[in-house]
Amino acid sequence: MVWTTIRLYAPLTDNDIETLHAGDRILLNGYVYTARDEAHRRLVELIDNGRPLPKKLDLNGAIIFYVGPTPARPGKIIGSAGPTTAARMDKYAITLMEHSGIKGMIGKGERSHEFRDACKRYKNIYFAATGGVAAFLSKYIKSSEIVLYEDLGAEAIHKLKIVDFPVIVVNDIFGRDFYEIGRKNHSTSIQDILNTLT
């Protein structure tokens, strides 16, 4: 695999997404929205009831970051901000892809086959951020404001300005999955080593 690093700017366009491939290393820039389980549930409930999404959210080409930032310490913009397990959002993500105009999501871990098929259908990208380094990732966040569902506390929807935020493309619009590619390459390497020992 050839590693490339791409500097990308949100909101994303279809042209942006068509150039991305599973395994690409990305430095994301621009504004992203945070949302976890309860915020997703509320947005999808609006859609299911035929109601418009809140005007405070401009989701056309937007990226959703699955994170619940911890409170900022004095003098800081934000607390720790690491990705949460993305699979929990699978039951909502496809509806949001279809009805909101979002084009990307940031989380950690694998997604369902249904989600991956929807990425192809609606031209969406799933990025993974590194888990366990939330304090490190918060250094790439330059502003933070709550825009919706303040009652959810840390899980309210925030609008974050990010600069060169490091992520990897996991699911692209061609149906590829970076975790599967990694496992296949690893098993091939192990077999090559075993072959040299026999």
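Small disclaimer: the values here were computed from a predicted structure and weren't measured. What you see below is based on every heavy atom in this structure, not just the backbone, and it leaves out hydrogens, waters and symmetry mates.
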Test of understanding: clusters of I, L, V, M, F, W, Y form through side-chain heavy atoms closer than 4.5 Å, transitively. Do Leu53 and Met97 belong to the same one? yes
inquiry  = Is there a continuous path of hydrophobic side-chain contacts, each under 4.5 Å between heavy atoms, that joins Val133 to Leu27?
reply    = no
task: Mark yes or no for whether Asn49, through its side chain, and Leu46, through its backbone, hold a donor-acceptor pair below 3.5 Å.
output: no
Quiz prompt | Joint cluster assignment, Ile141 & Phe136, ILVMFWY side-chain distance < 4.5 Å | solution = yes
Using a 4.5 Å cut-off on heavy atoms from C-beta on, say whether the side chain of Tyr92 contacts that of Leu43.
no
In terms of heavy-atom contacts, Gly109 and Tyr179 come closest through N-OH, 3.3 Å
Closest heavy-atom pair, Thr84 versus Met89, reported as atoms and distance to 0.1 Å, is CG2-CE, 3.9 Å
Checking Thr70 side chain against Ser80 main chain: does a donor-acceptor pair fall under 3.5 Å?
-> yes
Salt bridge flag under 4.0 Å for residues Glu45 and Arg41: yes
Review point. Could you go step by step and tell me if Val44 and Leu96 meet the side chain to side chain contact (heavy atoms under 4.5 Å, CB included) rule?
Key: CA-CA 7 Å; Val44 169; Leu96 284 177; 4.1 Å; yes
Smallest heavy-atom separation, Ile94 atom then Glu114 atom, equals CD1-O, 3.6 Å
### Message
With a 3.5 Å distance limit and no angle check, can you tell me whether Tyr66 reaches the backbone of Gly82 through a side-chain donor-acceptor pair?
### Response
no
*How about Glu150: does its CD atom have over 12 heavy atoms from other parts shown lying under 6.0 Å from it?*
no
Closest heavy-atom pair, Ala81 versus Ser138, reported as atoms and distance to 0.1 Å, is N-CB, 4.2 Å
### Message
Checking the side chain of Lys142 only, and the main-chain atoms of Lys139 only, is there a donor and an acceptor separated by less than 3.5 Å?
### Response
yes
To the nearest 0.5 Å, atom NE2 of His158 lies from atom CG of Leu152 at 10.0 Å
task: Look at the side chain of Asp90 and the backbone N and O of Ser112, then say whether any donor-acceptor pair between them is shorter than 3.5 Å.
output: yes
Checklist entry - Just by distance, do the side chain of Thr34 and the backbone of Ala156 share a donor-acceptor pair under 3.5 Å? => result yes
Is it the case that the side chain of Thr85 and the backbone of Ala87 share a donor-acceptor pair, with hydrogens and angles ignored and the cut-off at 3.5 Å? no
Tested for side chain to side chain contact (heavy atoms under 4.5 Å, CB included) against Phe65, the lone hit among Leu160, Val167, Leu28, Ile162 is Leu160
Charged N to carboxylate O under 4.0 angstrom, Glu155 versus Arg36?
-> yes
Contacts satisfying ring pair (Phe, Tyr, Trp, His ring centres under 6.0 Å) that involve residues 10-37 (not counting sequence neighbours) are His21-Phe174
* **Same apolar cluster: Tyr9 and Met105, side chain cutoff 4.5 Å** => no
Steps toward side chain to side chain contact (heavy atoms under 4.5 Å, CB included) verdict (Ile106, Ile63):
CA-CA 7 Å; Ile106 305 169; Ile63 298 172; 3.8 Å; yes
d(Leu137 CG, Phe165 CZ) to nearest 0.5 Å is 4.5 Å
* Asked: With side chains defined as the heavy atoms from C-beta onward, is the minimum distance between Ile157 and Leu57 less than 4.5 Å?
  -> yes
For Asp16 and Leu8, run side chain to side chain contact (heavy atoms under 4.5 Å, CB included): C-alpha distance rounded to whole Å, both residues' side-chain angles, the deciding distance at 0.1 Å, then the answer. CA-CA 8 Å; Asp16 292 327; Leu8 198 62; 4.1 Å; yes
_Arg42 NZ/CZ over Tyr149 ring centroid, <6.0 Å and within 45° of normal_ = yes
NZ (Lys103) and SG (Cys119) are apart, to the nearest 0.5 Å, by 10.0 Å
Salt bridge (charged side-chain N to carboxylate O under 4.0 Å, His left out) test vs Asp177 passes for just one of Arg183, Lys184, Arg116, namely Arg116
Subject >> Verdict with supporting geometry, Thr5 and Asp24, side chain to side chain contact (heavy atoms under 4.5 Å, CB included) >> reply: CA-CA 6 Å; Thr5 300; Asp24 283 347; over 6 Å; no
The reported gap from CD1 in Ile125 to CG in Leu20 (rounded to nearest 0.5 angstrom) is 5.0 Å
> Asp172 side chain to Gly175 main-chain N or O, any donor-acceptor pair under 3.5 Å?
Replying inline: yes
The reported gap from CD in Glu18 to CG in Leu12 (rounded to nearest 0.5 angstrom) is 12.0 Å
Between Ser143 and Ile77, the two heavy atoms sitting closest are CA-CG2, 3.7 Å
In this structure, CD1 of Ile64 is separated from CG of Leu59 (nearest 0.5 Å) by 5.5 Å
message: For the backbone of Ile102 and the side chain of Asn124, can you confirm whether one donor and one acceptor N or O come within less than 3.5 Å of each other?
response: yes
Test item: Phe127 and Ile168 side chains (from C-beta on) under 4.5 Å apart, heavy atoms: no
For Ile173 and Lys123, the nearest pair of non-hydrogen atoms, with its separation, is CG2-CA, 3.7 Å
